[in-house]
Amino acid sequence: MGTLFRPGASFLHRLPAGAKLLALIILVTLISIIATNPLTGIAVLIAILGLFTIAFPANGPALLAKQLWSLKYLLAIIVIPQLLFGSSWPAVAANALRLTDAILLASLFTMTTKNSEMVATIERASQPLKPLGVKPQTLSLAISMAINAIPMIAKFSAQTKEAQLARGVKPTAALMTVPLLVASLKYADDFAEALTARGVEI
Amino acid sequence: MLIDLNAVSVAFDGKTALDGVSVKLDQKRIGVIGLNGSGKSTFARLLNGLVTPTSGLVTVGGINPAKDAKAARRQTGFIFSNPDVQIIMPTVLEDVAFSLRSSGLSTGDIQTRALAVLQRFKIDHLADQAAHSLSGGQKQLLAISAIVVAEPKLIVADEPTAMLDLTNSRRVAEVLLDELEQQVVLVTHDLNLAANCDIILRFAGAKLVEFGEPAPIISAYLAEN
Ligand SMILES: Nc1ncnc2c1ncn2[C@@H]1O[C@H](COP(=O)(O)OP(=O)(O)OP(=O)(O)O)[C@@H](O)[C@H]1O
Ligand SMILES: [Mg+2]
């Protein structure tokens, strides 16, 4: 998966996870306030490109391009309805850029932060929520497992697609849903058993 | 450790999966063979309480897994065929470290131990990799590492090489049968692996039909099927 941790020795890798998380929250808030026209959005995008290059000197721009490409459907879903409802081009572009910038920053955070550090930070940050019934350890375990489930679901969807192509069926969203659901439920079942075997109470 | 089954039967929704199995085992390498649906996995799952007997009694090292599943799972590690379902944490080292989360050790000690186990199975160069990016054989070695780090007394492996190619199967079998100091129960369709065990159990139609020296049992199995 593109957004998983990638080892590196950069300044951004060495920054403590808590500081990075705080910076991420502040930057995303700032972007949503100031990036109200396409030009600001593009300027921020260029700054993010700089950060990617600092984090991954060998292939920062390529990684950013990959992340951008993976956002194409999301952007289509957001841009098309706005245009249909008659928003102006600059407004739509500014919105799309704002969202893109925020997501790219968040993925830069996950790409430069080890899951274990992220989890520890989330556990610490969620301590104040304890009185509300939130269990920090359960929360962080759930987040780790969700991160882990993404490549599995991607694998099932590739397998389903191939199986349908092999049988001469053109895979569509409607045709994919049931097999994908069945595969995911089977995985969930087997995974639950493996968790139990490793002593996790569920 | 003594694995003791006394007249154990298991039924799922009225359908018999194991029928009146009695056996005492203390060998170090215990192989389990039999056709699909004969009851091998049900037998294996009894040993750590993933399945509980409908009647009869199972004890492993004096612990009844149906009564004290927590203690049973601490002393018995379980390896499944599908390495994908066994990975809990996103990266290799974290997944191994996860097994020690309630050990009371410091974070530093946990990391050290986890890394030592990865070194032992020669996958320490993968420590920071995304676990899902590993090959099938590497994933299975990761699963074994994540079990071994918790130092169980017994390791049960249910067809651990079923999804692996020849080279990886050989490596995983070598680890399970030659390198581990623990007692191992190995369920397998690979009769070459079964032949290397100290004792084998053959299941057929939910019954334990014979157990003992591998060679004659394998010959009988081949002749019958
Ligand atoms: N959870 C379950 N629910 C219902 N039936 C089950 C369950 N687990 C096993 N069975 C049934 O019990 C019987 C024995 O199954 P088991 O999985 O122990 O066989 P096996 O020897 O491991 O087979 P295989 O070689 O295919 O893995 C089979 O008929 C199977 O369908
Ligand atoms: Mg089985």
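Every chain is numbered from 1, with letters handed out A, B, ... down the list of sequences.
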Any chance you could lay out the side-chain contact (heavy atoms from CB on, under 4.5 Å) test for B:R73 and A:T196, step after step, and finish with the verdict?
CA-CA 8 Å; B:R73 279 164 203 155; A:T196 310; 3.3 Å; yes

4.5 Å side-chain heavy-atom contact, B:V85 and A:Y187:
yes

Separation between CG of B:D84 and CZ of A:F191, rounded to the nearest 0.5 Å:
11.0 Å

Smallest heavy-atom separation, B:F78 atom then A:A197 atom, equals CB-CB, 4.0 Å

I need the contact set between residues 122-153 of chain B and chain A: heavy-atom distance under 4.5 Å, sorted by residue number.
B:D128, B:A130, B:H132, B:K139, B:A146, B:I147

Which atoms of B:R74 approach chain A - backbone, side chain, both or neither, heavy atom under 4.5 Å
neither

Could you list the donor-acceptor pairs under 3.5 angstrom formed by side chains in residues 57-65 of chain A, with sequence neighbours left out?
none

Listed by residue number, which members of residues 163-187 of chain B have a heavy atom under 4.5 Å from any heavy atom of chain A?
none

Distance in Å, B:N82 CG paired with A:K186 NZ, rounded so as to fall on 0.5 Å steps:
7.5 Å

Is there a side-chain contact between B:D95 and A:R198 in this structure, where contact means two heavy atoms from C-beta onward sitting under 4.5 Å apart?
yes

Side chain from CB out, backbone as N, CA, C, O: work out which of these in A:K155 comes under 4.5 Å of a heavy atom of chain B, or both, or neither.
side chain

Under 4.5 Å, heavy atom to heavy atom, which residues of residues 87-94 of chain B contact chain A?
B:I87, B:I88, B:M89, B:P90, B:E94

Can you confirm whether A:K72 is buried at NZ, in the sense that more than 12 heavy atoms of other residues, nucleotides or ligands lie under 6.0 Å from that atom?
yes

